[in-house]
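Accompanying notes for the structure given below.
Bear in mind that the values here come from a model prediction, so they are computed numbers and not experimental data.
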Amino acid sequence: MLQQTQVAAVVPYYNRWLRRFPTIRSLARATESDVLHAWQGLGYYARARNLHRCSKLIDEKFGGIFPSDPNELKSLPGIGRYTANAIAAFAFDQPLPLVEANTGRVLARLFNVRDPIDSSSGRRKLWESSAKLVCSKPARDFQNAMMDLGSLICIVRNPRCQICPVRKFCRVRDPASLPRKRKRAAIVPLIESHRLCTIGDALLLEQCYQRWRGMWILPRLELDGLKPSSLSPRPIHTSVFPFTNHRVTLRVYRQRAHHVDPRVQRWFRKEELNAIPIPSPHRRAINAFFTSKRAAESHRKRSLE
DNA sequence: AAGACGGGGTT
DNA sequence: AACCCAGTCTT
């Protein structure tokens, strides 16, 4: 959960997750839909699918025992060099190098790594630096201290060098100038149109196969790129959300259900929507629709009285 | 080596 | 509006 996601955002998900899947086996036995539902809103859903696959592998191939060898850990889906070493270091107290956002920033400054830390040369130098520092005695404590140093003192902006315990070893001149990062890809605007169809209190949704795979969204409408003219119907909902290097404008049109494809589309009653995985922008659009509908109904009721 | 992959919070 | 985040996988 913590991969590319801040601790504060993870905490409530983590607590709910452990209540819902208390053991590796209970996760292994869950459906992918339930797993994605528990993850919805956190983003990077491949992490949830990987963790699910991971639990099945551990349940079936590792006798339910989590491996402690970093190489075995790295062979599991979603566990790369950082996570493998982090599990081995924190759970099993093994002296291994760790480079993530916090320790990466600390190491870049300590060793004055001027290459972008997300370039291959920068990454290589950081891992080499980390390997130089790991000591075997308090392996777990050392890495905890490195991460705390990064999150509390050697912070992104306005690093608190005055109170830094390792200040005299630090080789960087201007700490705020490091770490550097590669220039990021330009933001590409995107317009996506979807339809909102209801029958009674049931809503038509469509299964995703690419982005948000395994989750449910409002059915796609193939008029992307077309400018809304005065002739076309107005969207009942418009929102803008960032998606990796895109800026997506989401337009939702009220429509009758003419083309229902039973292979990928399904009707859900309003209450059922709470139990299926829906990505945040679509969940917000759906909520906005039901909220305005309820408001309209109560207004009509008041007028009748 | 670069791009894809989320979403919410902070500056 | 840009940047940030306990990275990993695919191309």
Side-chain angles (χ1 to χ4, degrees), chain A residues 1-14 36 39-54 70 73-91 96-108 115-124 126-127 130 140 142-152 154-159 176-190 192 208-215 217 239-248 250 277-285:
Chain A
M1 283 182 177
L2 288 162
Q3 291 168 357
Q4 289 290 282
T5 305
Q6 299 185 342
V7 174
V10 162
V11 168
Y13 281 88
Y14 179 77
L36 289 172
W39 204 278
Q40 73 174 351
L42 251 193
Y44 285 153
Y45 297 96
R47 296 178 296 177
R49 289 188 289 268
N50 283 334
L51 191 52
H52 193 204
R53 289 171 57 202
C54 217
L73 287 164
K74 219 171 329 190
S75 75
L76 292 166
I79 299 186
R81 175 148 61 150
Y82 164 71
T83 306
N85 284 10
I87 293 170
F90 292 125
L96 294 164
L98 285 190
V99 178
E100 41 72 73
N102 294 298
T103 60
R105 184 170 53 252
V106 172
L107 293 166
D115 317 56
I117 59 169
D118 49 359
S119 67
S120 42
S121 63
R123 266 194 295 267
R124 180 174 48 74
L126 292 183
W127 280 97
S130 180
R140 177 189 289 139
F142 170 74
Q143 294 297 0
N144 264 324
M146 284 291 284
M147 293 180 70
D148 284 349
L149 187 59
S151 70
L152 299 173
C154 195
I155 52 185
V156 181
R157 281 173 288 264
N158 307 320
S177 70
L178 292 186
R180 294 179 175 173
K181 288 194 178 173
R182 284 202 330 256
K183 270 199 79 82
R184 63 180 57 196
I187 302 288
V188 178
L190 221 53
E192 294 183 353
C208 275
Y209 284 98
Q210 299 209 327
R211 178 200 309 171
W212 296 321
R213 184 154 50 90
M215 305 181 79
I217 59 168
S239 60
V240 178
F241 63 95
F243 187 91
T244 44
N245 62 327
H246 301 286
R247 179 180 315 289
V248 183
L250 170 63
I278 299 174
S280 294
H282 286 252
R283 165 104 35 207
R284 282 193 292 267

What integer number of Å spans the C1' atoms of dC3(C) and dG6(B)?
-> 15 Å
For Arg283(A), which contact category applies under a 4.0 Å heavy-atom criterion: base, sugar-phosphate, or nothing?
-> nothing
Taking atom P in both dG8(B) and dC9(C), what distance in whole Å separates the two?
-> 24 Å
In whole angstroms, how far is the P atom of dC4(C) from the CG atom of Asn102(A)?
-> 13 Å
Whole angstrom value for the distance that separates P of dA4(B) from CZ of Phe243(A) = 10 Å
Of the nucleotides dA4(B), dC4(C), dA6(C), which one has an atom closest to the side chain of Val156(A)?
-> dC4(C)
Phosphate oxygens OP1/OP2 of dG7(C): is one of them under 4.0 Å from a side-chain N or O of Gln4(A)?
-> yes
Mark yes or no for a side-chain to base donor-acceptor pair under 3.5 Å between Thr244(A) and dG3(B), with no hydrogen or angle criteria applied.
-> no
Hey, does the side chain of Thr103(A) reach the backbone of Glu100(A) with a donor-acceptor pair shorter than 3.5 angstrom?
-> yes
For Arg123(A) and Asp118(A), indicate whether the former's side chain and the latter's backbone hold a donor-acceptor pair under 3.5 Å.
-> yes
Check whether any side-chain nitrogen or oxygen of Trp212(A) sits under 4.0 Å from OP1 or OP2 of dG7(B), and answer yes or no.
-> yes
With distance as the sole test, does Arg105(A) use its side chain to make a donor-acceptor pair with the main-chain N or O of Cys154(A) at under 3.5 Å?
-> yes
Would a 4.5 Å heavy-atom cut-off, applied to side chains only, mark Trp212(A) and Pro281(A) as touching?
-> yes
Separation of atom CD1 in Ile87(A) from atom C1' in dG7(C), rounded to whole Å = 13 Å
Donor-acceptor contact present, side-chain Asn50(A) to main-chain Pro77(A), <3.5 Å | no
For the student: nearest non-hydrogen atoms of Pro179(A) and Ile117(A), plus distance | CB-CG2, 3.5 Å
Closest to the side chain of Lys181(A), out of dC4(C), dG6(B), dG3(B), is dC4(C)
When rounded to the nearest Å, what value does the distance between P atoms of dT8(C) and dG9(B) take?
-> 24 Å
Rounded to whole Å, CG of Leu178(A) lies from P of dC3(C) at a distance of 17 Å
How many Å lie between CG on Leu2(A) and C1' on dA6(C), as a whole number?
-> 5 Å
Nucleotide nearest Arg182(A) when distance is taken to its side chain, options dA6(C), dG7(B), dG3(B) | dG3(B)
Quickly work out the Ile187(A) CD1 to dA4(B) C1' distance and round it to whole Å.
-> 13 Å
Given atom CG of Asp148(A) and atom P of dA6(C), what is their separation to the nearest angstrom?
-> 11 Å
Would you call Thr5(A) and Met1(A) a side-chain contact if the rule is heavy atoms closer than 4.5 Å?
-> no
Closest to the 5' end of DNA chain B, once Pro281(A) and Asn245(A) are matched to their nearest nucleotides, is Asn245(A)
Between Tyr13(A) and Gln40(A) the two heavy atoms that sit nearest each other are OH-O, 2.9 Å
Are the side chain of Gln143(A) and the backbone of Met146(A) linked by a donor-acceptor contact shorter than 3.5 Å?
-> no
Any side-chain heavy atom of Leu42(A) sitting closer than 4.5 Å to one from Arg47(A)?
-> yes
Do you know which two heavy atoms are closest between Phe241(A) and Leu250(A), and how far apart they sit?
-> CE2-CB, 3.9 Å
Give one of base, sugar-phosphate or nothing for Tyr45(A), where a contact means two heavy atoms less than 4.0 Å apart.
-> sugar-phosphate
Tabulate protein N/O versus nucleotide N/O from nucleotides 8-11 of chain B, keeping only pairs under 3.5 Å, one per line.
residue, atom, partner, partner atom, Å
dG8(B), OP1, Ser280(A), OG, 3.3
dG8(B), OP2, Arg284(A), NH1, 3.1

In whole angstrom, give the distance that lies between atom CE of Met1(A) and atom P of dG7(C).
-> 15 Å
Does Arg184(A) place a side-chain N or O at less than 4.0 Å from the phosphate oxygens OP1/OP2 of dA2(B)?
-> no
From the list dC5(B), dC4(C), dG7(C), which nucleotide is the closest neighbour of the side chain of Ala101(A)?
-> dG7(C)
Give me, pair by pair, the N or O atoms of the protein and of nucleotides 8-11 of chain C that are less than 3.5 Å apart, along with how far apart they are.
residue, atom, partner, partner atom, Å
dT8(C), OP1, Gly80(A), N, 2.9
dT8(C), OP1, Thr83(A), N, 2.9
dT8(C), OP1, Thr83(A), OG1, 2.7
dT8(C), OP2, Tyr82(A), N, 3.3
dC9(C), OP1, Gly78(A), N, 2.6

